[in-house]
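Here's the structure, in structure tokens; my notes come after.
When reading the values below, keep in mind they use all heavy atoms of this one structure, side chains included, and skip hydrogens, waters and symmetry mates. Labels below follow one simple rule: chain letters A, B, ... track the order of the sequence lines, proteins then strands, and each chain is numbered from 1.
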Amino acid sequence: MATVDPGLLEDLQSRGLVSQTSGGDALNDYLAGGSRTLYSGFDPTADSLHIGHLVPLLALKRFQRAGHKPIALVGGATGLVGDPSFKAQERKLNTPDIVSGWADKLKGQVSRFVDFDCGETSAEVVNNLDWVGQMSVLDFLRDVGKHFAVNNMISKESVRQRIEREGEGISFTEFTYMLLQSLDFAELYHRYDCTLQIGGSDQWGNITGGIDLTRRLHGGQVYGLTLPLVTKADGTKFGKTESGTVWLDPAKTSPYAFYQFWLGTADADVYKFLRYFTFLSLEEIERIEGEDRERQGRPQAQSVLAREMTRLIHGDGGLVAAERITEALFSHDLSSLGGEDLEQLKLDGLPFSVLERASLGGEPLTQLLVDAGMAGSGKQVKDALGREAVVINGVARGADDNLRVSECFAAEAALFGRFFICRLGKKKYHLFEVR
RNA sequence: GCAGGGGUUCCCGAGUGGCCAAAGGGAUCAGACUGUAAAUCUGACGCGCAAGCUUCGGAGGUUCGAAUCCUCCCCCCUGCACCA
């Protein structure tokens, strides 16, 4: 019999990770009273999870560590329908084969977070398509739909703006989403004795729907807990960078870029994020915060956060690579890099491209850097050039250099005869190899 | 189907014949200041190094000139009707 940590809920609360719970104090007693099975769902809306999924994903792990059994549900079925919760507009449907491909990928990613080999509390990964896929419409309408009151559904906060807002609407399909998710909970209760669902706070309506349905269908008492939506102090959206979403898939967001993302966390957010995302103890986090307050200048918290997160998602190897690149670039000391190091940076995921010496000069620097992905348009490069914010192998380039590409990449200026490290602005780096 | 209201550059949202590549805000990028932070200030922000080119749901038309006017079409919203 696994022993459970009775302080789990309290720890979650102290970390600010509890947004809402059902059942009041009963949940705490229930969790402390024995090993329970819980689940959280992840819909395949892309071919990878992103950092917005981390809070619930890590919460599953927290529960498992505390002696409970986690189930990660991949929404092969729900992903075909689309969750309307707090979404401003109706979403476009993806084809079944795309969704099922994405579902497979998510399964792999989700699996890395929880332990599948720890006896009674071993994790499970399930796909709701397995029970929804074969269900007939009539069964669904009679067995599930009958338990939901439209009046009640319409009054949910999560769909309110879709119903009230001028210029938008909600299709029956999306409106039905809540029923599907509710069915998942009832089904997992039935199959695995799963009695707790966790999810982002935007999932509250869907979770309570599942609690009600489970009671009606199986007479079971189940619980819900929601986690906060991650917000930033400056009000901008969490998890986005200039180049878009921060993904967990290293092929989509390199460990280096991932590390840099966390390193750039604002002071106003960083201690909260340490509590949200890391497994460091609260005492440890308070210690870090205290030390940072004492010292002048740059806090250590961002580095700790970046290290912890990169190791968690990309392992020690990913962390080493990320730190290697960071050290090499931000020390602004290119001379410390050997030829081997530069080759390694390519492998480590520093943005890299090859240029042919023969074709240098065929296009302006603006075009070249845009092609390399360093800027979205030539205008941005031009702006940077005008401020001497483009630096190639330590030499700042200006507007006059735009058409002098072969000078910028002159053979005698190359590192080890072929490498050029180009910096645009303060943080964007690209490695060119001229052949 | 009928009636009414809409579709503007990433988002919100002005613009109703030339002064419009299109106000304003947000987001984003760059610079200064810093700590690869925040706040603040400055610049950029359809594409193009440039000459210039392409936009305001789509296709035509009127006009010297259209995001703005006309015709047809597509899509969204609201209400009504139909659902023998």
* Is a salt bridge present between A:Asp104 and A:Lys107, judged by a nitrogen-to-oxygen distance below 4.0 Å? -> no
* C1' gap between B:A27 and B:G35, integer Å -> 24 Å
* Which comes earlier along RNA chain B counting from the 5' end, the contact point of A:Leu424 or that of A:Leu263, where each point is its nearest nucleotide? -> A:Leu424
* To do: Decide, yes or no, whether a salt bridge links A:Asp11 with A:Arg15 under the criterion of side-chain N to carboxylate O below 4.0 Å.
  => yes
* Watson-Crick or G-U counterpart of B:C2, or none if no pair lies under 3.5 Å -> B:G79
* What integer number of Å spans the P atoms of B:C77 and B:C72? -> 23 Å
* Side-chain donor/acceptor of A:Lys426 to base of B:U34, under 3.5 Å -> yes
* **Heavy-atom donor-acceptor pair, A:Asp267 side-chain to B:G35 base, under 3.5 Å** => yes
* Asked: Any Lys/Arg nitrogen of A:Arg287 or A:Glu283 sitting under 4.0 Å from an Asp/Glu carboxylate oxygen of the other?
  -> no
* Just compare B:C49, B:U36, B:U28 and give me whichever is closest to any side-chain atom of A:Thr236. => B:U28
* Which value, in whole Å, describes the distance between the C1' atoms of nucleotides B:A22 and B:U71? -> 26 Å
* Scan A:Asp234 against the nucleic acid and name what it touches under 4.0 Å (heavy atoms): base, sugar-phosphate only, or nothing. => sugar-phosphate
* Structure fact -> Using Watson-Crick geometry (N1-N3 plus N6-O4 or O6-N4) or G-U wobble (N1-O2, O6-N3), each under 3.5 Å, B:A14 is paired with none
* Asked: On RNA chain B, nearest-nucleotide positions of A:Gln380 versus A:Thr265: which is more 5'?
  -> A:Gln380
* Asked: Is A:Arg418 paired with A:Glu343 through a side-chain N to carboxylate O contact shorter than 4.0 Å?
  -> yes
* Any strand is fair game: report the nucleotide pairing with B:A50 by Watson-Crick or G-U wobble, both distances under 3.5 Å, or none. => none
* Could you measure between the two P atoms, the one in B:G24 and the one in B:U68, and give it in whole Å? => 22 Å
* Please state the C1' separation for the pair B:C56 and B:G7 - nearest whole angstrom. => 10 Å
* To do: Classify the side chain of A:Gln302 versus the base of B:U36 as yes if they form a donor-acceptor pair under 3.5 Å and no if they do not.
  => no
